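Counting from 1, the numbers follow the sequence of the chain as shown. Because the structure is predicted, anything quoted here is derived from the model rather than measured.
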Amino acid sequence: MSTDFQMVLCSCPDKGTAKAIAEKLLRARLAACVNISSPTTSMYWWDDHIHSDEEVMLAIKTTTNQLETLFAMVQEAHPYEVAELIALPIQAGSEAYLNWIREVTG
């Protein structure tokens, strides 16, 4: 098992914002791959009441070493006051895929 690799989840208000953030991360080599989901409904507490909005989710594949810089870049580019940034350790994966992530973000 390895925790050298992370999948970061980040919700965005629309596909345009999601693509712009994904491109920044990829060009900076902070991510090897970013998947952008179809629109989904997010329900959450904000300003003392429940909101319901359509959002898209980013699934960002990176290394643990890149997390701090990746988080900072997303927060700078993200339009939300509090951007959703959740890193989940990748416990296992194909050796070829994990090596590719390391190579791209290295």
Throw together a table of side-chain donor-acceptor distances under 3.5 angstrom for residues 19-29, partners on residues two or more places apart or in other chains.
{"from": "Glu23", "atom 1": "OE2", "to": "Arg27", "atom 2": "NE", "distance (Å)": "2.8"}
{"from": "Glu23", "atom 1": "OE2", "to": "Arg27", "atom 2": "NH2", "distance (Å)": "3.0"}

**Message:** Checking Gln66 against Thr105: is there a side-chain donor and acceptor pair closer than 3.5 Å?
**Reply:** no

**Asked** So which pairs with a foot in residues 60-76 pass salt bridge (charged side-chain N to carboxylate O under 4.0 Å, His left out), sequence neighbours left out?
**Response** none

**Request:** Please name all residues satisfying side chain to side chain donor-acceptor pair (under 3.5 Å) with Thr63, sequence neighbours left out, ordered by chain then number.
**Result:** none

**Prompt:** Would Met57 end up clustered with Leu67 when hydrophobic side chains under 4.5 Å apart are linked, directly or stepwise?
**Reply:** no

**Message:** Please tell me whether Met7 and Phe71 are part of a single hydrophobic cluster in this structure, the criterion being side-chain heavy atoms less than 4.5 Å apart.
**Reply:** no

**Asked** With sequence neighbours left out, which residue pairs that include part of residues 49-59 fulfil the side-chain hydrogen bond (donor to acceptor under 3.5 Å, both in side chains) condition?
**Response** Ser42-Glu55, Tyr44-Asp53, His49-His51, Glu55-Tyr80

**Side chain proximity check, Ile86 to Val8, heavy atoms < 4.5 angstrom** = no

**Asked** What ring pair (Phe, Tyr, Trp, His ring centres under 6.0 Å) pairs are there with at least one residue in residues 86-106, not counting sequence neighbours?
**Response** Tyr97-Trp100

**Complete:** Contacts of Ser37 meeting side chain to side chain donor-acceptor pair (under 3.5 Å) (sequence neighbours excluded), chain-then-number -> none

**Item:** Residue pairs fulfilling ring pair (Phe, Tyr, Trp, His ring centres under 6.0 Å) with at least one residue in residues 12-32, sequence neighbours excluded
**Value:** none

**Message:** The criterion is side chain to side chain donor-acceptor pair (under 3.5 Å); which residues satisfy it with Thr17, sequence neighbours excluded?
**Reply:** Asp14

**Message:** Checking one residue: Ile50. Which other hydrophobic residues are in its cluster under the side-chain 4.5 Å linking rule?
**Reply:** Met43, Trp45

**Request:** Could you tell me whether the side chain of Ile36 reaches within less than 4.5 Å of the side chain of Leu58, counting heavy atoms only?
**Result:** yes

**Request:** Looking only at non-hydrogen atoms, find the nearest pair between Cys12 and Ala18 and report the distance.
**Result:** SG-CA, 3.8 Å

**Message:** Against Ile90, only a single residue in Thr62, Asp4, Leu98, Thr64 fulfils side-chain contact (heavy atoms from CB on, under 4.5 Å); can you say which?
**Reply:** Leu98

**Item:** Connected via hydrophobic side-chain network under 4.5 Å: Ile101 and Val104
**Value:** yes

**Prompt:** Same hydrophobic cluster for Val56 and Ile60, using side-chain heavy-atom links shorter than 4.5 Å among ILVMFWY?
**Reply:** yes

**Item:** ILVMFWY cluster, Leu85 and Val34 together (side-chain gap under 4.5 Å)
**Value:** yes

**Asked** With side chains defined as the heavy atoms from C-beta onward, is the minimum distance between Arg102 and Phe5 less than 4.5 Å?
**Response** yes

**Complete:** For Asn65, the side chain to side chain donor-acceptor pair (under 3.5 Å) test, sequence neighbours excluded, returns none

**Message:** Using a 3.5 Å distance criterion without hydrogens, assess whether the side chain of His78 forms a donor-acceptor pair with backbone atoms of Cys10.
**Reply:** no

